[in-house]
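Structure, as structure tokens:
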Amino acid sequence: GGLREVLSRARQISEFNQALRQFSDEPWLAQIHVANIRNGTLVLFSSSAAALVVLRNRQKKLLEFLHQRFPSACIAIEARVRPDATAQP
């Protein structure tokens, strides 16, 4: 049971990440990834504050796009900057 749920959750997050790449091929989107899906809220992390600004400007269109692909899975977006831990200062 537990392992199956974890694998299902990982697959769902992977599917959302793939959908993000299909939303647009603009470079800013490479900085965004799905971290979690919680109670209909898609939690996104951005490694760049600039990409987060663009995301917030296009959030409505992204939600519409995702709703077409996953009708009841996503009703809101929560986005945060999380710089890559491996980046050199």
Side-chain angles (χ1 to χ4, degrees):
L3 181 58
R4 185 173 293 155
E5 289 176 26
V6 170
L7 291 174
S8 175
R9 180 77 133 181
R11 186 177 335 108
Q12 185 180 32
I13 289 172
S14 176
E15 289 171 357
F16 270 91
N17 274 311
Q18 289 174 0
L20 280 179
R21 304 303 160 243
Q22 294 170 357
F23 172 67
S24 172
D25 61 354
E26 295 178 68
W28 66 271
L29 204 50
Q31 304 295 316
I32 307 290
H33 72 272
V34 178
N36 199 0
I37 303 162
R38 186 177 50 224
N39 300 324
T41 299
L42 193 64
V43 179
L44 302 176
F45 286 168
S46 172
S47 60
S48 158
L52 196 60
V53 169
V54 178
L55 170 68
R56 288 190 174 136
N57 287 330
R58 299 196 182 151
Q59 183 171 321
K60 183 177 178 183
K61 287 187 186 248
L62 177 59
L63 275 172
E64 290 170 358
F65 173 80
L66 292 173
H67 186 68
Q68 290 175 353
R69 302 235 10 211
F70 311 99
S72 61
C74 176
I75 57 171
I77 291 176
E78 177 183 322
R80 300 180 211 157
V81 174
R82 288 283 169 120
D84 185 15
T86 62
Q88 297 297 319

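One-based numbering along the sequence shown. What you see below is based on every heavy atom in this structure, not just the backbone, and it leaves out hydrogens, waters and symmetry mates.
Between atom CD of residue Q31 and atom CZ of residue R82 there is a gap of 15.5 Å, rounded to the nearest 0.5 Å.
Side chain of N17 to backbone of V34: a donor-acceptor contact under 3.5 angstrom is found. No donor-acceptor distance shorter than 3.5 angstrom exists from the side chain of R9 to the backbone of N36, with no hydrogens or angles considered.
Taking both residues in full, the closest heavy atoms of A35 and I13 are given as O-CD1, 3.9 Å, listed atom of the first, atom of the second, then distance. Closest approach of L66 to A19, counting heavy atoms only: CD2-CB, 3.9 Å. Contact detail for L29 and S24: the closest heavy-atom pair is CD2-O, 3.4 Å. In plain terms, the two heavy atoms of R58 and F23 that are nearest each other are O-CZ, 4.4 Å.
The local environment of CZ in R4 is sparse, with at most 12 non-hydrogen atoms from other residues, nucleotides or ligands closer than 6.0 Å.
At least one side-chain heavy atom of E15 sits less than 4.5 Å from a side-chain heavy atom of F70. In this structure the side chain of L52 never reaches within 4.5 angstrom of the side chain of L44, judged on heavy atoms.
Note on L63: it does not cluster hydrophobically with V53, by side-chain heavy-atom contacts below 4.5 Å among ILVMFWY residues. Criterion: ILVMFWY side-chain heavy atoms under 4.5 Å apart, direct or through other members. Under it, I75 and L20 are not part of a common hydrophobic cluster. Taking hydrophobic clusters as Ile, Leu, Val, Met, Phe, Trp and Tyr residues chained together by side-chain heavy-atom distances below 4.5 Å, I77 does not share a cluster with V43. Linking Ile, Leu, Val, Met, Phe, Trp and Tyr whenever their side-chain heavy atoms come within less than 4.5 Å leaves F45 and F16 in two separate clusters.
The side-chain contact (heavy atoms from CB on, under 4.5 Å) test with F65 singles out one residue from K61, R69, H67, and that residue is R69.
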